[in-house]
Amino acid sequence: MKCSYNWLKEYVRLDGVTPKELAHALTMSGSKVETVTELGADIQNVVIGKVLAIEKHPDADRLFVCSVDVGDGTPRQIVTGADNVFAGAVIPAALDEALLPGGKKIKTGKMRGLESQGMLCSGDELGLDGHDQPDSDADGILILDDSFAVGTDAVEALMLRDTVLEFEITNNRPDCLSVIGLAREAAATLRLPFNGQTDAPRDPLQGEITQVLTVTVENDALCPRYSARVVKDITIGLSPLWMRRRLRACGVRPINNIVDITNYVMLETGQPMHAFDYAYIQDKQIVVRAARAGETLKTLDEKERALEPSMLVIADANNAVALAGVMGGAGSEITEKTRTIVFESANFNGPSVRKTALSLSMRTDSSSRFEKGLDPAMAPAAMERACKLIEELNAGTVLSGTADVQAGPTPPVTVPFTREQIEKHLGVAIPDVNELLESLGFTVKDGAVVVPSWRRDVSIWQDLAEEAARLHGYDNIPATLPPSKNQGWLTEPQKLRAQLHGLCVSLGFYEMLTYSFIGPADLDAARLTADKAKVIQNPLGEEHSIMRTALLPSFIEALSHNAAVRNPEARLYELNMIYTDEGGRLPLETRRLILGGYGGGMDFLALKGVVETLLGRFCRKEAVFARAEEPSLHPGRSASVSIGGRVLGVLGELHPSLGFPPHAAVCELDAEALIELARPDAVFASLPRFPAISRDLALICKKETPAAEIVAIICKAGGALLEDCVLFDVYEGRSIPEDSRSLAYRLTFRAPDRTLRDDEAEAAVAKILKKLQDGLGVIIRS
Amino acid sequence: MLHKNLEELRDKALDAVRNARDAMTLENIRVGFLGKKGELTAILKQMGSLSPEERPSIGAFANDVRAAVEGALEKASGTIAEKELIKRLADETVDVTLPGKPFHTGRRHPMQTVLDDVVKIFLGMGFTVAEGPEIETTYYCFDALNTGPDHPARDPQDTFYFDDETILRTQTSSVQIRVMEQAKPPIRIISPGKTYRKDEIDATHSAHFHQIECLAVDKGLTMGDLKGALQTMMEGLYGPDVKLRFRPHHFPYTEPSAEVDLQCFACRGEGCRMCKFEGWIEMLGSGMVHPAVLDRCGIDASVYSGFAFGVGIERLTLMRYKINDLRLLYENDMRFLKQF
């Protein structure tokens with residue numbers, strides 16, 4: 001909402017309050033000012049002049065030399081190229097050192113040998129168009145009428161000086177989408193007097209109107225009030241300069257006196273108005289009704305609209321002539337030929353207007369006001385204002401009588417409250433709470449307030465607390481700390497998740513954050529299906545339409561980005577949600593942990609080492625890896641990960657056909673299961689008191705024999721004395737049969753209660769070797 | 001005769017010690033002269049051929065010789081060890097300006113760091129962390145929050161729908177309701193999580209973002225308490241010099257409601273490009289919990305009051321690290337992630 005500072009001053013005395021101060025004060029009391037723009041500041045040293053004489057330039061065919069009276073007794077010689085200037089013409093003259101919009105500077109200079117002490121201005125050069133000033137669009141200098149006093153500053157004379165405050169008004173305060181509403185706020189905020197008296201309706205319902213118009217409201221739930229008046233002998237013309245300037249300052253284009261009056265009243269009171277050409281209202285009837293099935297209406301924007309029975313229309317005896325609260329019809333539009341008009345000032349149901357505007361995608365200034373819910377009492381007041389302006393502008397003759405149809409008077413809302421209640425809620429004393437409320441139009445009596453009709457947002461004492469607080473100043477409420485009896489804490493799963501994060505980071509991985517929704521292409525890239533996925537009905541785009549059921553697609557996207565910008569290596573992890581539809585009211589939201597990367601030595605075994613460490617630390621149990629097949633993973637380099645028979649996820653190198661740097665690897669685990677399996681507390685084991693004996697064994701086995709099976713036999717055969725078994729070398733090649741490989745293990749033996757003897761260790765080794773040979777045909781390398 | 005032998009032996013030994021240059025040579029000398037099979041031992045074995053009168057003096061002399069050689073050995077070994085150490089230290093000297101051996105740890109995402117900081121601040125004020133679903137019913141996200149069926153926030157152009165009553169939550173405030181339905185006051189929770197609105201993704205907007213919700217319900221909580229809690233949070237995040245500004249605003253689920261601005265760090269409120277010349281940057285929405293919201297959750301609004309706010313973690317993060325494009329937070333570029 002843009003608002004003219006000059007206009008505001010009519011309703012509140014702002015003496016000594018600059019626009020900037022006003023903007024700050026209103027921002028802090030709830031009417032946020034987004035911008036403050038000074039109009040006319042970009043025009044300097046331009047005055048109203050009168051051409052005394054004009055003659056052709058002796059040395060240029062298309063130039064004229066004017067002698068111009070600028071009111072200081074010294075006529076200026078000004079050369080112009082325009083051919084519409086004549087002796088006696090009143091024009092804006094930019095003098096030496098003048099400034100024009102766009103930063104243009106005017107200086108005395110020579111034009112074809114003759115001195116020009118300034119410039120005669122066109123409307124365009126002053127930032128005006130044909131809507132602001134007649135003839136501004138025409139080629140040539142702006143010719144003004146003789147009422148402009150020679151020598152006056154053009155900015156003042158043309159009423160170009162103003163300041164525009166642009167407000168961001170919250171949805172609950174449609175009353176502030178008006179000059180009067182903002183003036184009331186300004187007055188209350190700055191403790192200044194407010195002159196916002198509205199005119200009482202004149203001769204309601206009786207009078208001439210009954211002979212020329214009947215109004216019927218068929219649905220008073222959607223139209224609680226409909227006021228109409230008729231104005232005859234209309235002369236369509238220009239509205240006065242002050243009105244055009246104020247409309248422009250508020251961002252509305254001046255059209256003609258009648259349309260301008262409706263817009264002016266809307267800006268001033270907040271009540272949208274409409275004017276119909278009476279000649280096109282058939283059978284002197286206005287009917288407010290639901291649109292008929294199949295009915296159409298050509299709206300003012302020349303578009304043919306297909307209406308639906310859910311939409312409210314204004315109709316004459318036969319056809320719709322306007323979409324209620326949204327836009328008028330083209331058929332009854334005000335034109336040059338209009339002689340009689342019907343003014344409409346009505347109240348329409350907000351949600352109904354909103355739905356209509358939305359379904360036809362035609363949000364208008366009017367609809368966006370109605371949708372917030374306006375005060376029905378405003379309708380007749382705005383009507384009176386409009387009629388008064390008709391008379392002030394001499395634009396026509398207002399017929400006596402108002403057709404005012406309303407659902408029934410709305411009783412005023414009364415809200416009981418106590419000062420203590422409010423003070424306790426806010427945490428500050430507000431001794432003048434009654435005065436503050438009254439300054440906003442509330443009436444305080446007997447421990448209650450009567451809410452003014454325009455404040456439909458106020459219904460409980462907490463609303464009054466806000467009114468009091470914002471006028472007292474939010475900044476004047478002292479900040480206190482809520483008394484706390486105990487320390488906060490994290491739940492066990494929350495602590496464990498924090499631990500998982502810590503582990504991933506300490507293992508060298510960077511946390512990534514990815515979108516929860518993915519697209520079909522992401523699923524394809526990860527070779528997944530949309531099984532059990534929730535699909536968004538109205539996504540931003542297909543690429544953000546599916547709620548992910550795995551983290552892998554997001555991981556692949558992040559990895560792709562890093563590969564695309566040629567980062568030499570990537571180490572990423574994420575602990576986040578997936579969403580699976582298991583048939584419940586809401587889908588299941590569970591956490592997964594994904595980690596992996598490429599470059600810097602990453603491959604299957606490198607990542608396996610990370611995962612082993614992670615699980616070893618977090619669950620204090622050894623994970624079991626078994627060959628597994630996943631469509632997105634390298635078939636020879638992928639494994640399932642499980643602990644105690646519970647499968648946690650998969651680990652593997654990304655399938656080479658996905659096109660990542662070689663050996664890019666990833667592991668995705670069920671984080672909920674991890675949390676369940678977590679063993680945050682260690683159980684202390686005594687440190688060994690007796691020395692250990694270690695033996696290195698180089699074993700030759702068939703290549704296809706899994707190392708895990710060898711270790712299993714070693715551990716079983718080694719018995720209680722075997723403390724540890726660590727692989728330290730894998731060798732294939734010379735001196736080893738081609739179908740075999742050599743695995744070297746270091747075995748550590750120890751007895752808990754005595755120093756182990758060499759022969760005991762030897763016996764254990766011999767037993768291990770025998771079992772290996774019997775079970776897997778493994779022999780010791782000689 | 002034996003005496004002379006001893007003298008010669010002594011002189012030879014001392015000579016050898018004098019000429020020794022390393023610890024190994026010294027050890028050889030010690031073994032060669034004083035060891036079990038050494039020359040001194042060999043001479044002493046001849047003691048048996050001496051007359052009883054000669055034995056004491058030769059014996060004493062032999063001890064002197066042993067002591068002299070041992071003394072010389074000890075002295076020389078000290079000097080040589082010192083020399084060897086000096087040499088070793090010299091040999092082992094490295095170019096300390098060479099780069100260290102690389103060692104990698106990862107990092108948390110900057111947004112998670114900010115989030116963790118906020119969580120810690122509120123844990124200290126006695127809050128716990130509550131969680132709720134991201135795919136939510138319209139009841140918890142709107143109706144229960146006093147946002148009726150006709151409210152524009154529910155439009156499909158602003159909210160993602162799965163069906164008429166199932167959406168991606170537009171705010172973490174839905175968790176407030178789930179908590180208040182379960183728990184009786186006093187309630188103190190914060191709830192961080194993902195939220196979704198149908199905004200086109202650009203440098204300052206994301207359809208997918210994070211919020212932290214805060215809710216406190218107790219007897220006698222005031223708007224001053226809300227201000228204090230927010231002041232504490234912002235000081236914890238940005239240091240003791242932060243300045244907050246509370247502006248009246250409107251939310252359906254709070255009354256009174258306030259928007260909170262943070263004074264621009266770059267210009268200290270003077271107005272600059274960063275704050276669009278306003279001097280202040282809009283940070284979050286807050287207010288006293290609307291009595292209708294309390295009532296709907298079975299909490300008597302005439303006995304209890306509460307405050308709540310929801311703050312975007314993206315914005316807190318951008319401010320904290322002066323990041324100029326929100327999209328960077330979701331690109332997961334290693335060059336970005338390594339900076340935090």
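Order of the sequence lines fixes the chain letters, A, B, ..., with proteins taken first and strands second; residue numbering starts at 1 for each chain.
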Which portion of [X] sits near chain A, non-hydrogen atoms under 4.5 angstrom:
X      : answer
B:P186 : neither
B:F340 : neither
B:A258 : both
B:K338 : both

Largest heavy-atom contact set with chain B, pairs under 4.5 Å, which of A:R571, A:M577, A:R585, A:H544: A:R585

When you measure from the side chain of [X] to the backbone of [Y], do you find a donor-acceptor pair of N or O atoms at a distance under 3.5 Å?
X      : Y      : value
B:D333 : A:N562 : no
A:D475 : B:R245 : no
A:R354 : B:D150 : yes
A:E589 : B:I135 : yes
B:K227 : A:Y474 : yes
A:E511 : B:R108 : no
B:N332 : A:A558 : no

Interatomic spacing from CG in A:L426 to CG in B:L226 - rounded to 0.5 Å: 11.0 Å

Quick check for you: to the nearest 0.5 Å, what is the distance between B:F162 atom CZ and A:D581 atom CG? 10.0 Å

Any heavy-atom pair between the side chains of [Y] and [X] that's under 4.5 Å?
X      : Y      : result
B:L168 : A:I536 : yes
B:F251 : A:N171 : no
B:V119 : A:Q494 : no
B:L123 : A:W489 : no
A:H425 : B:T222 : no
B:R188 : A:P482 : yes
B:P133 : A:L586 : yes
A:Y515 : B:S206 : yes

Before accepting this row, confirm whether a basic side-chain N of the pair A:E34/B:K276 lies closer than 4.0 Å to the acidic partner's carboxylate O. no

Is any NZ, NE, NH1 or NH2 atom of the basic residue among A:R497 and B:E131 found under 4.0 Å from an Asp or Glu carboxylate oxygen of the other? yes

Anything in residues 464-472 of chain A with a heavy-atom distance to chain B below 4.5 Å? Please list those residues in order. A:A465, A:E466, A:R470

Among side-chain atoms of A:T170 and B:H249, is any donor-acceptor pair under 3.5 angstrom? no

Considering all heavy atoms of both residues, which atom of B:D225 and which atom of A:P483 are nearest to each other, and what is their separation? OD2-CD, 4.5 Å

For A:L572, which atoms come within 4.5 Å of any heavy atom of chain B: side chain, backbone, both, or neither? side chain

For A:H561, is it the side chain, the backbone, both or neither that has a heavy atom under 4.5 Å from a heavy atom of chain B? side chain

For the residue pair A:F517 and B:F160, categorise the inter-ring angle as parallel (less than 30°), tilted (30 to 60°) or perpendicular (more than 60°). perpendicular

